[in-house]
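One structure is given here, and the rest of the page talks about it.
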Amino acid sequence: MTDETSNVSAEAEVQEQTILPLEIIDKSIGQYIHVLMSGNKEFKGKLVGFDDFVNMVLEDVTEIDNDGPSPKQIKKMLLNGAHVSMIIPN
Amino acid sequence: SAPELKSYMDKKLSIQLNGTRKVTGTLRGYDVFLNITLVDALEESADGEKLNIGTVVIRGNSIVSLE
């Protein structure tokens with residue numbers, strides 16, 4: 001019995017020391033972030049919100065295609081989280 | 001169930017992402033989907049250039065390997 005409880009509290013302790021990735025995204029709501037996709041695309045914009053799948057609503061977005069064409073400006077968009085590779089808060 | 005990354009916590013790791021991306025940084029957190037939080041992260045591009053990107057979240061989906 002005592003072994004079980006000490007196990008649970010040890011695990012809980014480690015989890016508390018972890019910075020959850022979704023926490024970082026949550027803290028960035030309202031700030032500008034840089035999103036790298038799995039292909040050669042990047043999106044820089046203000047994070048309005050996100051969901052469990054890390055689909056994101058972004059505002060004032062610059063869509064950057066790294067294979068040439070000039071950046072595009074997008075007022076408001078829903079970014080599909082399926083191909084998001086990295087999220088960089090500013 | 002959570003990935004067994006406890007032994008990697010607070011260690012400097014080299015993350016290989018899909019495509020050609022490679023990021024190094026200190027592991028500060030993770031979740032059940034293998035999304036990770038890295039601090040003091042550096043992105044190494046194909047030509048060897050290193051870009052400091054601070055604290056980042058990497059989607060578990062795009063992680064090929066960690067070392």
Side-chain angles (χ1 to χ4, degrees), chain A residues 6-58 64-68 79-90, chain B:
Chain A
S6 66
N7 250 352
V8 168
S9 59
E11 273 179 24
E13 202 186 294
V14 174
Q15 271 305 97
E16 272 174 34
Q17 293 169 359
T18 293
I19 303 177
L20 288 178
L22 295 183
E23 259 172 38
I24 299 278
I25 305 178
D26 190 51
K27 282 186 196 168
S28 323
I29 291 182
Q31 294 171 18
Y32 278 87
I33 58 170
H34 199 133
V35 183
L36 303 189
M37 310 299 282
S38 53
N40 250 333
K41 268 209 174 121
E42 300 177 21
F43 290 89
K44 283 184 179 185
K46 189 158 62 165
L47 181 60
V48 178
F50 70 103
D51 65 8
D52 286 344
F53 306 102
V54 197
N55 296 319
M56 294 180 272
V57 176
L58 300 171
I64 304 164
D65 202 316
N66 284 319
D67 308 310
L79 181 61
N80 191 332
H83 293 105
V84 169
S85 174
M86 192 153 60
I87 297 155
I88 310 173
N90 259 6
Chain B
S1 51
E4 302 255 344
L5 291 180
K6 282 185 215 166
S7 51
Y8 287 77
M9 278 293 283
D10 297 317
K11 301 273 193 314
K12 186 155 184 222
L13 298 179
S14 185
I15 318 288
Q16 185 81 44
L17 300 181
N18 59 3
T20 46
R21 287 198 192 112
K22 201 168 171 187
V23 179
T24 52
T26 307
L27 182 66
R28 272 304 159 76
Y30 58 93
D31 63 12
V32 296
F33 304 110
L34 199 56
N35 298 322
I36 61 177
T37 311
L38 288 183
V39 301
D40 300 327
L42 293 173
E43 178 175 353
E44 288 174 46
S45 55
D47 46 12
E49 247 181 64
K50 290 192 191 185
L51 189 63
N52 192 336
I53 46 180
T55 302
V56 300
V57 167
I58 299 185
R59 291 279 274 145
N61 208 354
S62 63
I63 296 176
V64 170
S65 64
L66 310 155
E67 59 174 328

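Numbers restart at 1 for each chain; the letters A, B, ... are given by sequence-line order, proteins then strands.
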**Message:** Need one label for B:Asn35: side chain, backbone, both or neither, based on atoms under 4.5 Å from any heavy atom in chain A.
**Reply:** both
**Message:** Is it the case that atom CG in A:Asp52 sees more than 12 heavy atoms from other parts of the structure closer than 6.0 Å?
**Reply:** no
**Prompt:** When rounded to the nearest 0.5 angstrom, what distance separates CD1 in A:Ile19 from CG in B:Leu27?
**Reply:** 9.5 Å
**Message:** As an exercise, state the distance from OG of A:Ser38 to CZ of B:Arg21, rounded to the nearest 0.5 Å.
**Reply:** 8.0 Å
**Request:** Write down the atom of B:Leu17, the atom of A:Met86, and the distance for their closest heavy-atom approach.
**Result:** CD1-SD, 4.4 Å
**Message:** Less than 4.5 Å to any heavy atom of chain A: does that hold for the side chain of B:Ser62, its backbone, both, or neither?
**Reply:** side chain
**Message:** Is it true that, when you exclude A:Gln31 itself, more than 12 heavy atoms of the residues, nucleotides or ligands shown sit nearer than 6.0 Å to its CD?
**Reply:** yes
**Fill in**
side-chain contact (heavy atoms from CB on, under 4.5 Å) test vs B:Val57 passes for just one of A:Ile33, A:Ile88, A:Ile87, namely A:Ile87
**Asked** Side chains of A:Leu20 and B:Thr37: does their closest heavy-atom pair fall under 4.5 Å?
**Response** no
**Max heavy-atom pair count under 4.5 Å with chain B, selected residue of A:Leu36, A:Ile25, A:Asn40** = A:Leu36
**Item:** Nearest heavy-atom neighbours spanning B:Thr55 and A:Pro89
**Value:** O-CD, 3.1 Å
**Prompt:** Should we say atom CZ of B:Phe33 is surrounded by more than 12 heavy atoms from elsewhere, each under 6.0 Å from it?
**Reply:** no
**A:His83, NE2 atom: more than 12 neighbouring heavy atoms under 6.0 Å** = no
**Prompt:** Side chain, backbone, both or neither: which part of B:Ile58 has an atom under 4.5 Å from a heavy atom of chain A?
**Reply:** both
**Message:** For A:Thr18 versus B:Gly29, what's the shortest heavy-atom pair and its separation?
**Reply:** CG2-CA, 3.2 Å
**Request:** Would you name the heavy atoms of A:Gln17 and B:Met9 that are closest together and state the gap between them?
**Result:** O-CE, 4.1 Å
